[in-house]
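Chain identifiers are assigned alphabetically (A, B, ...) following the order of the sequence lines, protein sequences preceding nucleic acid strands; residue numbering begins at 1 within each chain.
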2 protein chains.
Amino acid sequence: MVPHLVPRWPVCLFRWRAACTLGACVPQSAWAGASRTPGPGSPRGAVGTSPLVRRGGSSSSSRAPEVMLTRERYPVQRLPFSVVSEEDLAAFERITPGRVVTDPEELEASNVDWLRTVRGCSKVLLKPQTTEEVSHILRYCHERNLAVNPQGGNTGMVGGSVPVFDEIILSTALMNQVISFHGVSGILVCQAGCILEELSRYVEERDFIMPLDLGAKGSCHIGGNVATNAGGLRFLRYGSLHGTVLGLEVVCPAPPPQVCTLLHPQVLADGTVLNCLTSLRKDNTGYDLKQLFIGSEGTLGVITAVSILCPPKPRAVNVAFLGCPGFAEVLQTFSTCKGMLGEILSAFEFMDAECMQLVGHHLGLISPVQESPFYVLIETSGSRAGHDAEKLSSFLEHVLDFGLVTDGTLATDQRRVKMLWALRERITEALSRDGCVYKYDISLPVERLYDLVSDLRARLGPQAKHVVGYGHLGDGNLHLNVTAEAFSASLLGALEPYVYEWTAGQQGSVSAEHGLGFKKKDVLSYSKPPAALQLMQQLKALLDPKGILNPYKTLPARA
Amino acid sequence: MVPHLVPRWPVCLFRWRAACTLGACVPQSAWAGASRTPGPGSPRGAVGTSPLVRRGGSSSSSRAPEVMLTRERYPVQRLPFSVVSEEDLAAFERITPGRVVTDPEELEASNVDWLRTVRGCSKVLLKPQTTEEVSHILRYCHERNLAVNPQGGNTGMVGGSVPVFDEIILSTALMNQVISFHGVSGILVCQAGCILEELSRYVEERDFIMPLDLGAKGSCHIGGNVATNAGGLRFLRYGSLHGTVLGLEVVCPAPPPQVCTLLHPQVLADGTVLNCLTSLRKDNTGYDLKQLFIGSEGTLGVITAVSILCPPKPRAVNVAFLGCPGFAEVLQTFSTCKGMLGEILSAFEFMDAECMQLVGHHLGLISPVQESPFYVLIETSGSRAGHDAEKLSSFLEHVLDFGLVTDGTLATDQRRVKMLWALRERITEALSRDGCVYKYDISLPVERLYDLVSDLRARLGPQAKHVVGYGHLGDGNLHLNVTAEAFSASLLGALEPYVYEWTAGQQGSVSAEHGLGFKKKDVLSYSKPPAALQLMQQLKALLDPKGILNPYKTLPARA
């Protein structure tokens, strides 16, 4: 059970506890094929207050209690879109023959989000296979004034991926072909419906990795990742999709439906081509149109294909799990490791003592290090195992010598790496077993990251069962969670708008990586001023003049 | 003179020639304070044909021959903007007291580009110090229908940074304050007129580096870098500014002048604030508006402040200069080094044999390696010198064993590193001494990168003196240059549109990193289809409805 220790690792100062208890007996989550539990970037939006979230798993089995319809639960009015008619269904059947789904049972899974907190009542789901079909569909829907809900893997956190009312669901599930992969440059071009984990496998076989990794990778589609500007576990190392996405093919509903082929320059029969599907690292010819669609949550266009730059596959991955005596030491450890680990640092996550108590209490996981006020998980990825081990060893000696870290353990083989990651990744699951969860996904200047947690703990007192903070510290991304025995309006009132105002006071973001979708669209103004919102509305009107694309999402309703 | 060789470096296979001859007696270029000669990303646009380019330097001394006015040299019509009146000057004096320049001699340097190929006839240059002043100026100019030419360091390659007619020059030169730097996250926030080299010095003192580096760094402004989406020498490692720029403050001329404060959320007196000047790594609240302005060449808004993520300063930098027997071997060397050097690889540049002949003939530089059909320059930047040296050593043994490289040399100290870089960076200078230069800056799929050079060499035959290819191979960016004794219309006819059509046939980009500016705006359609162009025009109309901002640039004139 003793992990492989690096040369000069000060063994005497570190203890290794039975990490084998990690992940032993807790049912796996409902992520189809996910190799990690959901929620490494885990707060589930500020819905939290919902007793509708099934605890301890997110199974969509037919036995799950029914989710209340969004239109009944939220004060939202249907916009005057047309209602799908028999003629419309016949037209769709001509566009996507045999791929028009109207069976209510089959539709149910696409009407409800995976968190089981929002539920639409769409009567039809379309499964196009080609960009041309998407173009036909959007042209038709634009002409008929029919609302459309683009859907990838339906793994979003903020209710952006399911209909609010009866929007037509446009699924990318059958658009799952790799178009090309370039073994020298590492540039992958694929359809939008490719599942992230399958793409990871595909490029890993060719000695590359995807530049992003998410807990939802077993289900999420690359098109959805791009549409939501997904962050995740590799963000610290490989950066934002705004940098790694090289090209997009997007169909816009504006008349005529425009295919932003940032990959293929051919003109499609049904729409004009906006060529943005380049496979080039550099292209400074005019405005970078694809950027508009990254993070637009399917409200400006339907992403049909993606060109993305894949980094070379690291030959060695190590994970250190450390205990820190205070948050100041967590920050100093981060600074130190940026300097000493430099180019091999690939993740810097933190969690507080209450998180550890929760994963211990609810999941039976045992901390591999001494009890500490804070824990950090540091991952390195490099091209030479020996070098990485030496760097880690020097770094660990340093942080121990300076009292930044009081205890720690190290994993170098894949199984132990996963066990240590589970401590961080399964916090979401532990929280969901702790009671009603109020969740926030916040970006803050890194030195103020934990102050919000401390402030809230003092503010809420015994109203809250637990107030915990964890997240992607390296990215300044706090996952703030509050649990209580049951939903309480007074607790919610103590939390909101306090959390949003606190965040705005620090020039933070009220949605670091999960987007706004349906549930958070009304808190946009805490992070963006009215003029920015106005420009967003103007862009929406330009690209989707009838507003048929993913309505009720991202932008607040106009007054 | 023998360089420090890494452990296990197969010395016997490598020869070290007197690199001390590098950079000996050639006059330094006119880049104020530049530590490198201009043009590491060097083609100067497709102007090339111009006998107006002064050879062998780009001095703007008063003795230089006068540059022909753009309006006389190019078929361009002045748009019906107002002409600056005495009342306007008085108004500007109220907005920027003592900082309204009308002296013709002082204006001359800002009316002519550094390549001395285009020349405007502006009568007034304004030097605002604050965003508020920029907002006042743009509001006034919008109301009066006065055209404005935003200008940073005036180091652009495509005539984007100087007026075409009498546009008011709005200089960011006095907006040169660092606003904040965060020592943990490495996030720098500064005004747009900060000079890149000064920022580099500032952050290096704090153990960070700027994520971009250019030959023009001694003059160029960070705002101009962002406005042109500058690529440069660190692109391979740290990626595009679309990924590293975290926030922008932009003033748009749309009524009312809107300040896109992606940094400061306060509302300015003169305009509405579009808050995009965040100092957060992650922010998924609504559309990422700042992306619109990155690479828009000052045609959508004036960037007044920038928030940018700085990587930690590497502790070791090594440069290897290698000879390769063919382009196939150059590509294999690139693939191999991506795998073996992985995370420490920071540049992969190439040049052909004719480039080496030119730097030898015109600048007296001597190749430090055996004569070869191709040369590559590989730079590594890492956190531990010993590890980097070992990785390089293993890599070099490998490429020698497999015959990918036939000779090479290595530099580890700063002086020798600069000497090797000079071989690559001074190609532009050597070309300018060789005759009339036709220059192209192309992105291509990396395996076709050199085919265009070979094709052209066959196509042009003795018409051309030299046809050379070099550039940022790691980014798929070819700098293609053709020299002749004098300008020849028939040679130009053989080059264009052939080069653009060839590039379009490979789904390449006709402007990889230099943008379109004034000189290349009409070749946009080779890399973008009509519908993309239409959307760009719509965005321009949305943000700058009167088209006063940097007119005649980036987008072709409407039919």
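Proximity to chain A (any heavy atom under 4.5 Å) is restricted, for B:Leu444, to the backbone atoms N, CA, C and O. Heavy atoms closer than 4.5 Å to chain B are found in the side chain of A:Thr554, but not in its backbone. Only the side chain of B:Asn477 comes within less than 4.5 Å of a heavy atom in chain A; its backbone stays farther off. Neither the backbone nor the side chain of B:Lys313 comes within contact range of chain A; no heavy atom of the residue lies under 4.5 Å from a heavy atom of that chain. With a threshold of 4.5 angstrom between heavy atoms, A:Tyr238 does not approach chain B through any atom at all. With a threshold of 4.5 angstrom between heavy atoms, B:Thr244 does not approach chain A through any atom at all. Looking at A:Leu555, only its side chain comes within 4.5 Å of chain B, counting heavy atoms on both sides.
Among the candidates B:Gly183, B:Gly243, B:Ser383, B:Gly342, the residue making the largest number of heavy-atom pairs closer than 4.5 Å to chain A is B:Ser383. Interface check for chain A: of the options B:Leu280, B:Asp288, B:Leu241, B:Leu341, the most heavy-atom pairs under 4.5 Å are formed by B:Leu280. The candidate with the highest count of non-hydrogen atom pairs below 4.5 Å against chain B, out of A:Pro312, A:Ser511, A:Gly508, is A:Ser511. Interface check for chain B: of the options A:Gly339, A:Ser240, A:Gly186, A:Pro311, the most heavy-atom pairs under 4.5 Å are formed by A:Gly339. Ranked by heavy-atom pairs under 4.5 Å with chain B, the first of A:Leu300, A:Leu309, A:Val510 is A:Leu300. Among the candidates A:Gly239, A:Gly476, A:Gly382, A:Pro445, the residue making the largest number of heavy-atom pairs closer than 4.5 Å to chain B is A:Gly382. Of the residues considered (B:His242, B:His387, B:Arg281, B:Arg315), B:His387 shows the highest number of contacts with chain A, using heavy-atom pairs under 4.5 Å. For the set B:Gly295, B:Ser509, B:Gly515, the count of heavy-atom pairs under 4.5 angstrom toward chain A peaks at B:Ser509.
Looking only at atom types and distance, the side chain of B:Thr299 has a donor-acceptor partner in the side chain of A:Tyr287 under 3.5 Å away.
Going from atom CG of A:Leu473 over to atom CZ of A:Phe327 covers 5.0 Å, rounded to the nearest 0.5 Å. Here NZ of B:Lys282 is found 9.5 Å from CG of A:Asn229. Values are rounded to the nearest 0.5 Å. Interatomic distance, B:Glu513 CD to A:Asn284 CG, rounded to the nearest 0.5 Å: 8.0 Å. Atom OG of residue B:Ser307 and atom NZ of residue B:Lys290 lie 8.5 Å apart, to the nearest 0.5 angstrom.
By the side-chain contact (heavy atoms from CB on, under 4.5 Å) test, B:Ser381 is found to be paired with B:Arg237, B:Pro314, B:Val317, B:Ser346, B:Glu379, residues two or more places apart in sequence or in another chain being considered.
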Exercise. B:Glu297 and B:Val158: side chain to side chain contact (heavy atoms under 4.5 Å, CB included), yes or no, with the steps?
Worked result: CA-CA 10 Å; B:Glu297 303 189 291; B:Val158 287; 4.1 Å; yes
For this session: Could you go through the side chain to side chain contact (heavy atoms under 4.5 Å, CB included) check for B:His479 and B:His472 one step at a time?
Result: CA-CA 8 Å; B:His479 294 328; B:His472 314 294; 3.6 Å; yes
Problem set entry | Working for side chain to side chain donor-acceptor pair (under 3.5 Å), residues B:Thr285 and A:Lys528 | CA-CA 7 Å; B:Thr285 53; A:Lys528 296 287 158 63; 3.1 Å; yes
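Judged by distance alone, the side chain of A:His182 and the main-chain N or O of A:Val184 form a donor-acceptor pair under 3.5 Å.
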